[in-house]
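See below for the structure under consideration.
Just so it is clear: chains get the letters A, B, ... in the order the sequence lines come, proteins before strands, and each one is counted from 1. Given the structure is predicted, the values throughout are model-derived calculations rather than measurements.
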Amino acid sequence: MPRATAILRHREEVVSGHYLLTLDCPEVAKAAQPGQFVHLRIGDGTDPLLRRPFSILLAQPETGEVQILVRTVGRGTGIIATHDEGVAYDLLGPLGNGWEAPAGGEDVVLVAGGIGVAPLIFFADGLRLMERQPYVRSIFGAANQEALVCWTEFAARCDEFTAVTEDGSAGETGLVTDVLAPELERDRPQHVYACGPDGMLAAVARICRDAGVPCYVSMEQWMGCGVGACLGCAVPASAGGYVRVCADGPVFDATEIDWERMKRR
Amino acid sequence: MPRATAILRHREEVVSGHYLLTLDCPEVAKAAQPGQFVHLRIGDGTDPLLRRPFSILLAQPETGEVQILVRTVGRGTGIIATHDEGVAYDLLGPLGNGWEAPAGGEDVVLVAGGIGVAPLIFFADGLRLMERQPYVRSIFGAANQEALVCWTEFAARCDEFTAVTEDGSAGETGLVTDVLAPELERDRPQHVYACGPDGMLAAVARICRDAGVPCYVSMEQWMGCGVGACLGCAVPASAGGYVRVCADGPVFDATEIDWERMKRR
Amino acid sequence: MTVTCPDLSVEIAGLHLQNPVMSASGTFGYGVEYEPYLDLSQLGAIVTKAVTLEPREGNPQPRVRETPAGMLNAIGLQNPGAEVFIDDKLPALQRFGVPVIVNISGRSVEEFARLAEMLSIDGVDALEVNISCPNVQEEGMTFGVDCDMTGRLTEAVCAATDLPVIVKLSPNVTDITVIARAAEQAGADALSLINTLLGMSIDVERRLPHLGNVTGGLSGPAVRPVAVRMIYEVARAVDLPLIGMGGVMNAGDALELILAGATGVAVGTANFVEPAAMHQVIDGIAAYCRRHDVARIADLVGAVAADQA
Amino acid sequence: MTVTCPDLSVEIAGLHLQNPVMSASGTFGYGVEYEPYLDLSQLGAIVTKAVTLEPREGNPQPRVRETPAGMLNAIGLQNPGAEVFIDDKLPALQRFGVPVIVNISGRSVEEFARLAEMLSIDGVDALEVNISCPNVQEEGMTFGVDCDMTGRLTEAVCAATDLPVIVKLSPNVTDITVIARAAEQAGADALSLINTLLGMSIDVERRLPHLGNVTGGLSGPAVRPVAVRMIYEVARAVDLPLIGMGGVMNAGDALELILAGATGVAVGTANFVEPAAMHQVIDGIAAYCRRHDVARIADLVGAVAADQA
Ligand SMILES: Cc1cc2nc3c(=O)[nH]c(=O)nc-3n(C[C@H](O)[C@H](O)[C@H](O)COP(=O)(O)OP(=O)(O)OC[C@H]3O[C@@H](n4cnc5c(N)ncnc54)[C@H](O)[C@@H]3O)c2cc1C
Ligand SMILES: Cc1cc2nc3c(=O)[nH]c(=O)nc-3n(C[C@H](O)[C@H](O)[C@H](O)COP(=O)(O)OP(=O)(O)OC[C@H]3O[C@@H](n4cnc5c(N)ncnc54)[C@H](O)[C@@H]3O)c2cc1C
Ligand SMILES: Cc1cc2nc3c(=O)[nH]c(=O)nc-3n(C[C@H](O)[C@H](O)[C@H](O)COP(=O)(O)O)c2cc1C
Ligand SMILES: Cc1cc2nc3c(=O)[nH]c(=O)nc-3n(C[C@H](O)[C@H](O)[C@H](O)COP(=O)(O)O)c2cc1C
Ligand code: FES
Ligand code: FES
């Protein structure tokens, strides 16, 4: 049953307003695939009411530990930021499809935007453990140096790593797409994997389409149920209609998404 | 300004489901009169939404400490029960009128029912400090021995003390009124002061009226504002209409209340 | 007398339910999504997501947004249409052995009647007629707030099917008892209420509505007092059994609706918060009955002593 | 451009308010109760508890009850009557130097008109006509849900006074824009909305309604999505300035109502939770204006970009 209790073992404010939570949750640690998420209940009352989805940053089946990275943006994440070790969370998960690992040995590029780095750390970790390790280049973009949260964890799992900041406080100056486009030209990878804000994903998808590189994106959307029942987390599909981020995703082949109809939120 | 921050210094579960909280709150400790209450905000969200009123059990102007006794009955008190030392409460208070102390030297009877003991401990404490100490007899009734919460604190501040339990597990068997009626006959006091459930207060008021003894009751009622603005805490007045527990009370001359129109809740 | 094994079964519109607790339409998909989280065979009934004649794409995203103790949704009746529902979704619902109530929605009286006909098949135990979805800006809205339309629609559906017809009422009306009576007179076998309250919320940083559809339906604990009041009013206005819903999170909440006059209780938003919510509600109702020596839950329907308030 | 000192002043029905924030009727007594907690001279206006012609006792207790993110109240218009109000309460309200808006309630058109006349005196800056109190079971309820009655009542009040007339609308209606238009056509100078939603809650242990009056009015954050939606609808239906209320706890909430179309914002239930809530709202609005370079709060009224949703 994709449901468990997770005990908060360790909470670290990695950069201001970003908390790395280490949870004791053997069930999820065992079953989790990179790109999947957990749907966390915060408190037992009505404020907040709904669960909140968080990507799995790392899962250690041996120790039973699961890590998530939480950026405080509102009520629920604000409450998490006050939680002490020992707090128990009721969670559903692992949920969603996750990224399918490549066959092995190929060239891949990972593109992370801000907090979107979380599931890509898990994905990169998995690639490293493959028998025929792919060659992993990664691009990590954020507003500024601070927002390059957990970049060392990410960089350590990749063969090449490029940071990009909008204000130039670290790495290149600009957007991830400014780096991605020449990178694809320089050396064409077999796959691109991306996670970040919708606007970034749309741009990455376009660049990959133009370059003819298959691209897999992990999307975010407001969720009701998290299990595919409410159709609340819909995003527009290029085949018409909508697909559900929680059950059909959060990872999609970028060509499945109708980026034109996608509202920027 | 009747408003302060109170830091939880010590929390003790005196009997199952009853917590004695010691709060650091110099403003209230200085100003509090026996019978007054504080209106506590629990958390900073919408669950619970409204403040919760609690009688002041003791206030120490010297140390800045205020004690309240909290019985867990629902959402708000249930949350308080989980609070650790160091938690800060935003509170309004001291609010309400409190008991007027007698002139001194007379005979008084205090009647407490269950958690209603809290303000009477404070009141008894004040009487003991009077220059011409009144002679204080007290009657404390509850369902059973366990529910005679803080009885030692109460008894220690009275000259005579009688416990009554409905199941006979401590003291006399029966209701406080079974003890009060003969007690008033045995030795007629100048005043009776009572706090407890509405039904008990109504019965105490009737007995005192019949015996011709002035009686002062501290009432409870659901509150909105706690400051006299919303008229939510109304109880029926014998003069017609309603009086406000928060601003006209919580202490009333028992003859001011229309016990017939009083709903038993 | 001590009740150790209370009878939780209820009758609604000729259906025998092992207990009063069912899913609220649209919050439980087609049942199977929640299979990993609870034993569906223990439910009183399963109520499906709305089915329409033709497939519907639904509304643009974002479609849901949390509000204080509630949520707004504007799903827009996304569903694969009646044919696909019958072929692909309905069979899977059979294996739980509990009554299946299909929620239907349409744009015209004819569409509703046609749907009722199509769905009058084995495996469907009753129809819940959604005359009140606030997210469909066509005629759908008009039905639920107008008593003539409600009457005409109910009549047409009743004529088109032999299944029990449950009419689902909108709370966005001045006097819900008028609509309830119109549905009763037109032949409804039961009523369910409430659907969502029409609401809206705004992202003040971007000065945009949170929902792609601008407005949406408010559900969850926030609306429960409105649901209790309306169930209480309707129970006194009609002789039909009621299915109550609106903000039920636990057994105490369900009992509020039952005491107000609901024979059945549907759980909606709570499923998102706690996938096993319906189990907890069923267990809690049983525990309440034992504690209060209630032999049959049916005895509590409408049992609030309002005259002694 | 950087706005350091945004202009928060607004005009409503000829009244000049230093900022849009005022108390919601019935939640702020006659002002003085909150004097220890906030500086009343900083408010946009003070709206009083409802005043009736004769004194009213109010409803039996219990009168209030918390609900999820909200509360039910059934105070029943307890007040000392217009004469006592004028003699004892009104003078104290003058010393804060902000407009005083008196909320009036009656049982008949004549009573409302008589009240309007009596209160057309120095010290009263506007009248808020409470046609929508859900806790008065006489004609009061009918006014607010019927557009003819709303029109007649508004006309009578306007004829009886030279003061600005603000008509306070009930949310317990099928289409609030119809009532809003009726009030506009009859001469209202402004509208305020929403009053409370009619609700009920039940003590399941005792099987009794929580409120002595059985039903009551739901207020607080729970109802905010309904308020935002109705303000949004009414703003598009009439040309009058609106005073919005319903669940405002902080500046963000107030801005939701303003962006939806409210020129003024009243704070009700939040006062109970946080006596300084109105100050926090005022400060928060100013901070928002600075952050977003908004020179005049009036520019934000109705500024939600719903077409880009
Ligand atoms: C599949 C998935 C994976 C995610 N992974 C992570 C992660 O690893 N780390 C992380 O910090 N966040 C992640 N998020 C976003 C996270 O769920 C939201 O930030 C969180 O729910 C905010 O809750 P809140 O109560 O603090 O915010 P609220 O007070 O409810 O809202 C504050 C703001 O946060 C944003 N927001 C709130 N909920 C969501 C949501 N469900 N989806 C998108 N945006 C939202 C909105 O912009 C909103 O205005 C993920 C979301 C999804 C859908
Ligand atoms: C002047 C005054 C002094 C009080 N002093 C004390 C005290 O010293 N110690 C103490 O433990 N309690 C005291 N109470 C009662 C206390 O305020 C309530 O028990 C508390 O508010 C319950 O909050 P909750 O969220 O846990 O309950 P909820 O979940 O809101 O409700 C649970 C039950 O508690 C009761 N209750 C809730 N609120 C009130 C209220 N405001 N007044 C009366 N009953 C209520 C009701 O029966 C309700 O069904 C006092 C009340 C008043 C009015
Ligand atoms: C996401 C969502 C989708 C819904 N879809 C439907 C629907 O398709 N048909 C319908 O009649 N009601 C629908 N409803 C309304 C619910 O069935 C129910 O009446 C309402 O949510 C109140 O119950 P609750 O507070 O327990 O959620 C939907 C509600 C939600 C939250
Ligand atoms: C205790 C209480 C008393 C109220 N009394 C009145 C009243 O006398 N007249 C009136 O027009 N509205 C009255 N209202 C309604 C409020 O003015 C306001 O419209 C409503 O509460 C919504 O705002 P809120 O959610 O900020 O409280 C009252 C509300 C409450 C909670
Ligand atoms: S969140 Fe309910 S379907 Fe995805
Ligand atoms: S609680 Fe508001 S007047 Fe007493």
When you look at Tyr34(D) and Cys225(B), which way does the side chain to side chain contact (heavy atoms under 4.5 Å, CB included) test go after all the steps? CA-CA 10 Å; Tyr34(D) 276 101; Cys225(B) 65; 3.4 Å; yes
Chain D contacts, top residue of Val235(B), Thr46(B), Leu50(B) (heavy-atom pairs, under 4.5 Å): Leu50(B)
Would you call Glu274(D)-Arg3(B) a salt bridge at under 4.0 Å N-O? yes
Pairs flagged by side-chain hydrogen bond (donor to acceptor under 3.5 Å, both in side chains) wherever residues 228-244 of chain B is involved - sequence neighbours left out: Arg244(B)-Asp248(B)
I'd like to check Cys230(B) versus Phe28(D) (side-chain heavy atoms, cut-off strictly below 4.5 Å). Are they in contact? no
Segment of Pro275(D) engaging chain B (4.5 angstrom heavy-atom cut-off): both
Under the criterion side chain to side chain contact (heavy atoms under 4.5 Å, CB included), I'd like the reasoning laid out for Thr269(D) against Leu49(B): C-alpha separation, chi angles, the key distance, then a yes or no. CA-CA 9 Å; Thr269(D) 303; Leu49(B) 179 68; 4.1 Å; yes
In residues 67-78 of chain B, which residues are in contact with chain D at a heavy-atom separation under 4.5 Å? none
Among Gly45(B), Gly241(B), Pro48(B), Gly232(B), which has the most heavy-atom pairs under 4.5 Å with chain D? Gly232(B)
Between Trp222(B) and the options Val64(D), Leu211(D), Asn73(D), the side chain to side chain contact (heavy atoms under 4.5 Å, CB included) test singles out Val64(D)
Output the option from Arg65(D), Glu66(D), Gln78(D), Met249(D) having the highest count of non-hydrogen pairs under 4.5 Å with chain B. Glu66(D)
Indicate yes or no for a side-chain donor-acceptor contact from Gln61(D) to the backbone of Pro236(B) under 3.5 Å, with no hydrogens or angles considered. no
When you look at CD of Glu205(D), are more than 12 heavy atoms from neighbouring residues, nucleotides or ligands closer to it than 6.0 Å? yes
More than 12 foreign heavy atoms under 6.0 Å from CD of Gln94(D): is that the case here? yes
Rounded to the nearest 0.5 Å, how far apart are CZ of Phe272(D) and NE2 of His39(B)? 9.5 Å
Pick from Ala69(D), Gly70(D), Ala270(D) with the largest number of heavy-atom pairs that fall under 4.5 Å of chain B: Ala69(D)
Taking the side chain as C-beta and beyond, is there a heavy-atom pair between Pro62(D) and Gln221(B) under 4.5 Å? yes
Side chain to side chain contact (heavy atoms under 4.5 Å, CB included) for Val273(D) and Arg51(B)? Distances and angles first, verdict last. CA-CA 6 Å; Val273(D) 178; Arg51(B) 290 168 181 270; 5.6 Å; no
d(Asn59(D) CG, Leu231(B) CG) to nearest 0.5 Å is 11.5 Å
Top of Met71(D), Lys49(D), Glu35(D), Glu33(D) for chain B proximity - count of heavy-atom pairs under 4.5 angstrom: Glu33(D)
